[in-house]
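Following: one structure in structure tokens, then a few remarks.
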Amino acid sequence: MWSISAKAVIITQFNIPQLPCNLTGPRCEPVPCIARRETGDHRNVNGTESTQEACNVYTVNLESRYLLIQGVPALGVMKELVEQFALYGAIEEYNALDEYPAEQFTEVYLIKFQKLQSARVAKRKLDERSFFGSLLHVCYAPEFETVQETREKLQDRRKYIAKATSNRVHFLVKKIQEPKKTVSKNSEHDFQPETLGFSAADANTGNWDPSACCPYQPSCEFSSRNTACPSGGHFERVLAFPQYVSNCGETSESFCQSKPLTQSAQQGGYTNTPVSLVLQRKVPSDNGIGRFMPRTTQLQERKRKRDQDNQIDFIGIDSDSTEVIIGPRLPEIPKVDMDDDSLNASASLIRNKLTEVAVSVPKSFGEKPEDTQTKRPIKQRRRI
Amino acid sequence: METVVTMSQKQRDLLELGRLEYLQALVTEFQVTESPEAKEQVLANLANFAYDPKNYEYLRQLQVLDLFLDMLTEDNEILVEFAIGGLCNLCLDKTNKDYILEADGVAPVINCLSSSNEETVMSAVTTLMYLTTPQSRQQTTALPVVECMLRFSLSANRRLSNLARVFLEDYCSPVQVEEARNLSKHTAVGIPLPKD
């Protein structure tokens, strides 16, 4: 019964050119999937040297109780194969897919688990495992599902979230309060020259880290009242204000222009600031709103600005490519008169230096091939 | 002088510091990096983190929901695919759902139905299902959407047709389906079917 229906399924499948990777030729080169679903196993995240490899996103659609197993050596080992998989959960059905494209001397199998969770675990454990001298390639096969099975899968996901969310409500209330406490603590502190000097020194020694960008992101609400610096020791403070910035044109002007410039004028600490830090600091002041704008407004705003071909924008558009940079573009540095000659002189010295540095940045990026954005070869993404 | 923040080094350093910090590092990396590949990778990471309810509060704090919504209008198809995947993963949670609906997120999701990327389309179909509430139903099951689903239900792509059928059968009334059916007989307007 199963084999008949399986054949029927196969025939249907081969009318559909839906195979994510080209299996009519050599088997897909397995690309280590960096972006595995988070399971607390951080080891998998970006576990490779190169950041250039293609990734996949696991969604409820991609997962399935059906697993497709390729690379099984054609040695009559179906029984052993099924036994291996059965270790991870009850198997409802299994079958060899005789007409599925396969490398020479290998076979393809379909295994249907009773539970999605078993399929998940089995896939994780057995994918890329050696089996009788051959590497197995295990992936989900949702295309074999019936409508009802798809429906149930979506329902199960719903139930899982409902359950998980209700369990976490009490636990999370506590967690939320902790970072917020840190926020209020910080808001009481004034800008500290020493801290700035420390972070500048850090930056100078090349010891800074991405979190150093944080306090300068204008969407961080504390930025208007607290300019705590991202030194290594103050890590937790900084990290309490993460926030995705999609509109960086909102830094309160006073923060950006008066205080840091004053302080840095006194310290001379920013002359050697790494460019990336500068990227975050130098924010165009097209409006004085120091808070994150509602998303709809941003979209309209962005559209308007795109239409007007606005130079100074919170989206930087590289003239050589269509890449959109989120975050402050390197704009003109706002000039401020600080009512003091020496301060102004120092400020303009620093400004000039920053301009020099800013100019040198695009050159270093210019080496990137200009057609990477528009004509990147579509990477063969390994089917997961 | 370091001008490009690489992922591996920095993230390895930050791994010990905890989930929120790690996620924040990802968000920061996304903003800072110039490389499209790195952006895609980070977005994929975030989208995968969005699968686990443990992370939802952090993701909200980090405004990753807005990040996903904003990415839906990007030119880069891969970013769109990962972003809609991320939304699909986290939109079932009530707070996330409300946030997305409040932010007028249904419209960009509907637009994803016309993508030529099949994963994008499928994530969009599922996301619409999950975002359907008594209040949002009018939008998520608007006539053009139902008409689109009708066409998808006839697709040779089994996964897509399954999803479309679940949508039509479970989220639309027979009246709505009938109306769309009648409409499609007469006109060709609506959301174009992606190439199979």
Side-chain angles (χ1 to χ4, degrees), chain A residues 15-18 34-38 42 45-46 49 51-52 55-61 142-143 145 147 150-151 154 157-158 161 164-165 168 172 175-176 179 206 209-211 213-214 235 239 242-246 274-276 279 292 295-296 322-327 361 364-365 372-373, chain B residues 1-3 5-8 10-11 13 15 20-21 24-25 27-29 31-32 34 36-38 40-41 44-45 47-49 51-53 55 57 61-64 66-67 69-70 74-75 82 85-86 88-89 92-94 103-104 122-123 126 129 156-159 162-163 165-166 170 196:
Chain A
N15 289 337
I16 306 167
Q18 289 307 328
I34 297 160
R36 288 183 190 276
R37 180 161 40 84
E38 206 277 326
H42 293 293
V45 181
N46 196 36
E49 314 77 42
T51 55
Q52 302 298 316
C55 292
N56 273 306
V57 171
Y58 289 81
T59 64
V60 64
N61 293 333
E143 66 270 26
E145 288 172 1
V147 178
T150 303
R151 170 181 283 121
L154 297 175
R157 172 79 182 150
R158 222 184 239 283
I161 295 291
T165 315
R168 294 194 69 76
L172 286 173
K175 279 238 145 191
I176 294 161
D209 47 32
S211 65
C213 302
C214 232
F235 210 65
L239 293 174
Q243 295 190 12
Y244 159 63
V245 178
S246 61
V275 172
S276 318
L279 261 175
F292 186 65
R295 198 189 67 84
T296 49
T322 55
E323 180 175 18
V324 170
I325 305 161
I326 294 174
V361 167
S364 64
F365 285 137
T372 44
Q373 182 59 24
Chain B
M1 189 191 311
E2 187 166 297
T3 53
V5 178
T6 57
M7 257 184 79
S8 53
K10 301 286 187 270
Q11 285 191 339
D13 292 345
L15 277 178
L20 175 61
E21 290 78 4
Q24 183 226 288
V27 175
T28 307
E29 168 72 16
Q31 294 176 74
V32 168
E34 303 252 338
E37 284 89 2
E40 287 160 15
Q41 186 170 323
N45 269 292
N48 282 326
F49 276 108
Y51 193 92
D52 190 340
N55 299 314
E57 186 48 47
Q61 250 181 288
L62 293 163
Q63 301 189 301
V64 171
D66 297 275
L67 169 57
L69 285 166
D70 284 344
E74 283 292 315
D75 293 328
F82 292 166
C88 178
N89 281 341
L92 266 177
D93 170 88
K94 178 125 198 354
D104 207 22
M122 286 188 280
S123 295
T126 308
M129 283 194 237
N157 181 335
R158 173 74 158 272
R159 290 170 64 200
N162 279 0
L163 287 171
R165 282 181 60 183
V166 173
D170 297 1
D196 284 329

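Just so it is clear, the values below take in all heavy atoms, side chains as well, and ignore hydrogens, waters and symmetry mates. The chains referred to below are lettered A, B, ... by the order of the sequence lines, with proteins before strands, and numbering in each begins at 1.
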Between NZ of B:K94 and CD1 of A:I161, what distance do you get to the nearest 0.5 Å? 14.5 Å

Interface residue of largest heavy-atom contact number with chain B, from A:R151, A:E145, A:R157, under 4.5 Å: A:R157

Report yes if some heavy atom in the side chain of A:T165 is under 4.5 Å from a heavy atom in the side chain of B:L92; otherwise report no. no

Please name the pair of heavy atoms, one in B:R158 and one in A:E143, separated by the smallest distance, quoted to 0.1 Å. CG-O, 3.1 Å

For A:Y58 versus B:Y51, what's the shortest heavy-atom pair and its separation? O-CD1, 3.7 Å

If you define the side chain from C-beta out and look only at heavy atoms, does anything of B:N89 sit under 4.5 Å from A:V60? no

Provide the closest heavy-atom pair for B:N48 versus A:N56 in the form atom of the first, atom of the second, distance. ND2-O, 3.1 Å

Checking B:D93 side chain against A:A164 main chain: does a donor-acceptor pair fall under 3.5 Å? no

For the backbone of A:T150 and the side chain of B:N162, can you confirm whether one donor and one acceptor N or O come within less than 3.5 Å of each other? no

Rounded distance [0.5 Å steps], CZ in B:F82 versus OG1 in A:T59: 11.5 Å

